[in-house]
Amino acid sequence: MFDDYLSWKPYFEIVPMQHEDCAAVADMHALRFPRAWNDGEFSSLLTQSSVFGAVARQTNAFFSKPLGGFVLAREVAGEAEILTIAVGEKFARAGLGWRLMQSATREAMMRGAETMFLEVDNSNTSAVGLYRKLGFKTVAERKAYYTARDGSKSTALVMRRDFR
C-alpha cells in the first residue's frame, strides 16, 4: 500500500461529479478547449435531472486528490449525449478517457439510453481513435465547426454508438 504513494504512476478513482467539483472542472476545461465553460455553467448543468458526470481523482497523491479528467453527459428519451470530456495533459495516455467514457456509458444505459452521440474535432486523432475503439461510428460532419485558438477552423465529427 505504501508503495502506491511512492510510485510514479498515478492511480485514479472515478466518482460522480458534484457541484464542488465544478471550479476544478472549469479550470481543466479552459486548458483543453478554446471556448471554455465556467464553473457556473457546469454547476447549472448538474442541476438538471437529465445531466450526469464523473470525475477522475488521483488517489495516490500526497496532499490532495488532483483532478485527472472529467466527463459530462445527458440522457433524454433514450438518447444520451457526451456534452464534454477532458483529461489533463499530464495524464494523457493513462487510460482515463476510456474509463470516463465507460462510466458515462454505464450511467446512460442505466438511465435507459439506447444510443449515445458525441461530437469531436476531427483533428483530435487520439479522441477519434478512442471513440472508434469504444464502438462509435461517424454519422455526420460539421465543416468549419470548431475554431482553434489561432483562429483556424476544423470539422466536427458527429459520432454515434448504439447500445442495443
To the nearest 0.5 Å, what is the distance between [atom1] ([X]) and [atom2] ([Y])?
X      : Y      : atom1 : atom2 : value
Thr138 : Glu119 : OG1   : CD    : 11.5 Å
Arg74  : Glu79  : CZ    : CD    : 11.5 Å
Leu157 : Leu118 : CG    : CG    : 9.0 Å
Met159 : Phe117 : CE    : CZ    : 12.0 Å
His29  : Asp39  : NE2   : CG    : 12.5 Å
Thr125 : Leu130 : OG1   : CG    : 11.5 Å

Would you say the side chain of [Y] lies within less than 4.5 Å of the side chain of [X], judging by non-hydrogen atoms?
X      : Y      : result
Arg161 : Thr105 : yes
Val55  : Val15  : yes
Phe136 : Met101 : yes
Glu81  : Val76  : no
Val87  : Arg32  : no

| message | Checking side-chain polar atoms at under 3.5 Å, does Lys153 have a donor or acceptor matched by the opposite partner on Thr147? | response |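 There is such a pair (donor and acceptor under 3.5 Å, judged by atom type) between the side chains of Lys153 and Thr147.
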| With Glu13, which of Arg57, Arg99, Lys65 fulfils side chain to side chain donor-acceptor pair (under 3.5 Å)? |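 Of Arg57, Arg99, Lys65, side chain to side chain donor-acceptor pair (under 3.5 Å) with Glu13 is met by Lys65 alone.
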So which atom in [X] and which in [Y] form the shortest heavy-atom distance, rounded to 0.1 Å?
X      : Y      : result
Phe52  : Ala104 : CE1-O, 3.6 Å
Phe163 : Met116 : CZ-CB, 3.6 Å
Ala54  : Leu100 : O-CD2, 3.9 Å
Ala113 : Ala80  : CB-CB, 3.9 Å
Ile85  : Tyr131 : CG2-OH, 3.2 Å
Phe33  : Arg149 : O-NH2, 3.4 Å

| message | Quick check against the 3.5 Å criterion: does Arg142 have a side-chain atom that pairs as donor or acceptor with the backbone of Val158? | response |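 No.
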| Donor-acceptor under 3.5 Å (Ser44 side chain, Gly40 main chain) |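 Judged by distance alone, no pair lies under 3.5 Å.
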| field | Sidechain N-carboxylate O distance under 4.0 Å for Arg35, Glu41 | value |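 Judged by the 4.0 Å cut-off on N to carboxylate O distance, Arg35 and Glu41 do form a salt bridge.
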| field | Carboxylate-amine/guanidinium proximity below 4.0 Å for Arg160 and Asp162 | value |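 Yes.
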Indicate if [X] and [Y] have the same hydrophobic cluster label, given that clusters are the connected sets of ILVMFWY residues with side-chain heavy-atom separations under 4.5 angstrom.
X      : Y      : value
Trp98  : Phe12  : yes
Leu134 : Val128 : yes
Met17  : Phe91  : no

| request: Assign the ring pair Phe70 / Phe42 to parallel, tilted or perpendicular, where the plane angle (0 to 90°) is split at 30° and 60°. | output: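 The arrangement is perpendicular - the two ring planes meet at more than 60°.
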| said: So if I apply the side-chain contact (heavy atoms from CB on, under 4.5 Å) rule between Leu72 and each of Thr84, Ile82, Val25, which one comes out positive? | reply: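 Between Leu72 and the candidates, side-chain contact (heavy atoms from CB on, under 4.5 Å) is satisfied uniquely by Thr84.
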| Is Gln48 atom CD crowded by more than 12 heavy atoms from other residues, nucleotides or ligands, each under 6.0 Å away? |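 Yes, the 6.0 Å shell around CD holds more than 12 heavy atoms from other groups.
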